[in-house]
Amino acid sequence: MPELPEVETVRRRLGPVMEGARFERVILRRKGLRRPFARNFAGRLTSQTVCALERRGKYLLAGLSSGETLVMHLGMSGSFRIDLDTSQTPRGDDDVRHDHVVFRMSSGAVVTYNDPRRFGVMDLVARGKLAQHPAVGALGPEPLEPAFDGAALARACAGRRISLKVALLDQRVVAGLGNIYASEALHLAGLSPRRRASTIATPAGLPKPDAHRLAEAIKQVLREAIARASGRRYRSSRFRVYDRNGERCRTRRCKGTIRRFSQAGRSTFYCPDCQH
DNA sequence: ATTGAGACCTGTCGGC
DNA sequence: TGCCGACAGGTCTCAA
């Protein structure tokens, strides 16, 4: 479940057991995930201390004592499991088939990366080279930072002929939105996913009112999702439009029906009656 | 320069 | 029950 809110939730869970702890042992159960692991990945990690565990878009970044950065991405199906009792790891009910990477930390925690589809990423980046990392270095603004606003969004969308929905999935436009929250934000903002991205900006690249509305909707949708996921006993939430094809729109006084269609090979959900 | 299509993997679900 | 296609919360690469 890996868009920004879910990755942020993972960061908050892993932080307490990884920050300030050393990698005592790193086990790789296969040669790589989406791509092969870096040469001597396990060896270079072992005995290093994690100074800080941060998030950038959908990436987790573990700053290491050497100055290197461990870059992690959950792909479509990645997840971490934390086992505090090392004597019985993994527990009997865990599906161990897709446990690809195991970190034994000096905190006593065993952190296991599981990823059935193996679209995830684990990469080690040299000191000072993060900005040159092809994916992390190209990321757009963090949507929850003050620097991200309607003006920033308009600048990134100006002149672009792609649809608004596809633009929101472009990690250079804004970092961390995925297929669910792109649809959700557009619905909250009342903007059609079919519109050209350029229509939220003036020809000069300045924000129209829709750009401000969309930037605020993005922030709100992400904040609410983080709060839901981090809160105890979250109900595996219902979304505003995502995965609700054929259901009634929940916007007040809207009698529309949620529709699903395909954009750039991915499902988009929206209400034709209240998104323009 | 932009944009869409296909590739990468495995699992699940609905229809026949 | 079993088989088959469609689909899944993400990127990357390639060709138009």
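Below, each value reflects all heavy atoms present in this structure, side chains not excepted, and no hydrogens, waters or symmetry copies. Every chain is numbered from 1 and lettered A, B, ... according to where its sequence line falls, protein lines coming before strand lines.
Not one N or O on the side chain of Glu216(A) forms a donor-acceptor pair closer than 3.5 Å with the backbone of Arg213(A). Of the possible polar contacts, one joining the Glu3(A) side chain to the Ile180(A) backbone as a donor-acceptor pair under 3.5 Å is found. Using a distance-only test at 3.5 Å, with no hydrogens or angles considered, a donor-acceptor pair links the side chain of Gln275(A) to the main chain of Leu191(A).
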- Item | Criterion side chain to side chain donor-acceptor pair (under 3.5 Å) on Tyr181(A) and Glu6(A), from CA distance to verdict | CA-CA 11 Å; Tyr181(A) 297 110; Glu6(A) 295 78 23; 2.9 Å; yes
- salt bridge (Lys or Arg N to Asp or Glu O under 4.0 Å) between Asp210(A) and Lys208(A): does it pass, once the steps are laid out? CA-CA 5 Å; Asp210(A) 285 343; Lys208(A) 292 187 184 172; over 6 Å; no
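A close approach under 4.0 Å does occur between a side-chain nitrogen or oxygen of Tyr242(A) and OP1 or OP2 of dG9(C). Side-chain N/O atoms of Ser267(A) include one lying less than 4.0 angstrom from OP1 or OP2 on dA8(C).
Mapping Arg161(A) and Arg30(A) onto DNA chain B via the closest heavy atom, the residue that lands nearer the 5' end is Arg161(A).
Nucleotides dA5(B) and dC7(C) place their P atoms 14 Å apart, quoted to the nearest Å. If you take atom P in dG5(C) and the same atom in dA7(B), they sit 15 Å apart, rounded to whole Å. On the P atoms, dC3(C) is 24 Å away from dC9(B), given to the nearest whole Å. Between dA6(C) and dG6(B), the distance separating the two P atoms is 13 Å to the nearest Å.
Extent of DNA chain B lying under 4.0 Å from chain A heavy atoms, first and last nucleotide in 5' to 3' order, is dT3(B) to dG11(B).
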- Task: Using a 4.0 Å heavy-atom cut-off, write out nucleotides 10-15 of chain C from 5' to 3' as B (base contacted by protein), S (sugar-phosphate only) or - (no contact).
- Result: BBS---
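Within 6.0 Å of CZ in Arg44(A) there are more than 12 heavy atoms belonging to other residues, nucleotides or ligands. Within a 6.0 Å sphere centred on CZ of Arg195(A), other residues, nucleotides and ligands contribute more than 12 heavy atoms.
Cation-pi check for Arg240(A) over Tyr270(A) is not met; the charged atom does not lie both under 6.0 angstrom from the ring centroid and within 45 degrees of its normal.
Applying the salt bridge (charged side-chain N to carboxylate O under 4.0 Å, His left out) test to every pair with at least one member in residues 120-146 of chain A, sequence neighbours left out, gives these pairs: Arg55(A)-Glu142(A), Arg56(A)-Glu142(A). For residues 104-134 of chain A, the ring-ring contact (aromatic ring centres under 6.0 Å, His included) pairs, not counting sequence neighbours, are Phe80(A)-Tyr113(A).
For Arg22(A), the salt bridge (charged side-chain N to carboxylate O under 4.0 Å, His left out) criterion is met by no residue, not counting sequence neighbours.
Remark: C1' of dA8(C) and CG of Asp115(A) are 13 Å apart, rounded to the nearest angstrom.
Paired runs in DNA chain B that reach 3 or more consecutive Watson-Crick or G-U pairs, where each pair keeps both distances under 3.5 Å, cover B:2-8 with C:10-16, B:10-16 with C:2-8.
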